[in-house]
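Data block below; observations after.
Basis for what follows: all heavy atoms, side chains included, without hydrogens, waters or symmetry-related copies.
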Amino acid sequence: MGVPAPASAPRSAGQTVDPAGSPELPERPDYPRILAVFNATTGPLRARDICQALDFELLPKYVERTRTKMKRLVTIGILIEAEPGTFSKKQ
């Protein structure tokens, strides 16, 4: 009888990890756009700032959707949330 292979860590649907072990973006078009805004600015940003930069209407549903995506980027280790609702790129 052989030794069972180690179980891999569970991942969220639509998220992959590259061979080097760093997380890749979820397979949705808004994630690279959100990160492009962080790359073009310095300092922390709020979901409302991202919506303005991406020309989204500043309706609560769009701001909340963007905030949820930013929190997902925190979960996978790309962004950090220094204060509630304030996000910055992980150094």
Side-chain angles (χ1 to χ4, degrees):
M1 226 181 216
V3 176
S8 62
R11 290 191 297 255
S12 300
Q15 177 186 344
T16 59
V17 175
D18 71 12
S22 62
E24 291 184 9
L25 295 177
E27 297 175 5
R28 300 274 189 250
D30 285 338
Y31 290 98
R33 294 177 65 206
I34 290 170
L35 286 181
V37 174
F38 278 99
N39 289 335
T41 61
T42 58
L45 297 171
R46 298 175 97 40
R48 184 177 180 89
D49 301 328
I50 298 293
C51 287
Q52 286 177 323
L54 298 178
D55 292 326
F56 293 159
E57 289 186 67
L58 295 179
L59 298 174
K61 67 180 182 179
Y62 296 125
V63 174
E64 287 302 318
R65 190 177 300 157
T66 301
R67 182 177 292 112
T68 300
K69 290 176 182 175
M70 293 165 70
K71 285 191 176 278
R72 184 161 187 205
L73 292 171
V74 169
T75 301
I76 61 176
I78 296 173
L79 297 180
I80 58 170
E81 188 174 10
E83 295 178 15
T86 305
F87 300 86
S88 58
K89 194 158 184 196
K90 193 172 185 178
Q91 299 298 330

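Atom CG in L45 sits 12.0 Å away from atom OG1 in T66 (nearest 0.5 Å). Here the straight-line distance linking atom CG of L54 with atom CG of D49 works out to 11.0 Å at 0.5 Å rounding.
Remark: R48 CZ is loosely packed, at most 12 non-hydrogen atoms of other residues, nucleotides or ligands lying under 6.0 Å away.
What you find for P44 and S88 is that their closest heavy atoms are CA-CB, 4.0 Å. When all heavy atoms are compared, the tightest approach of M70 to F38 is CE-CZ, 3.7 Å. For the residue pair Y31 and R72, the shortest heavy atom distance occurs at OH-CD, 3.5 Å. In plain terms, the two heavy atoms of V37 and T41 that are nearest each other are O-OG1, 3.1 Å. Residue G77 comes nearest to K90 through the heavy atom pair O-CD, 3.2 Å, listed as atom of the first residue, atom of the second, then distance.
Residues satisfying the side chain to side chain donor-acceptor pair (under 3.5 Å) criterion with T86, sequence neighbours excluded, are R46. With sequence neighbours excluded, the residues that form a side chain to side chain donor-acceptor pair (under 3.5 Å) with K71 are E81. Listed by chain and number, the residues in a salt bridge (charged side-chain N to carboxylate O under 4.0 Å, His left out) with K89 amount to none (sequence neighbours excluded).
None of V63, D30, I50 except one satisfies the side-chain contact (heavy atoms from CB on, under 4.5 Å) rule with F56; the exception is D30.
Cluster annotation: L35 is not connected to I80 through the hydrophobic network of ILVMFWY side chains, with a link wherever side-chain heavy atoms come within less than 4.5 Å.
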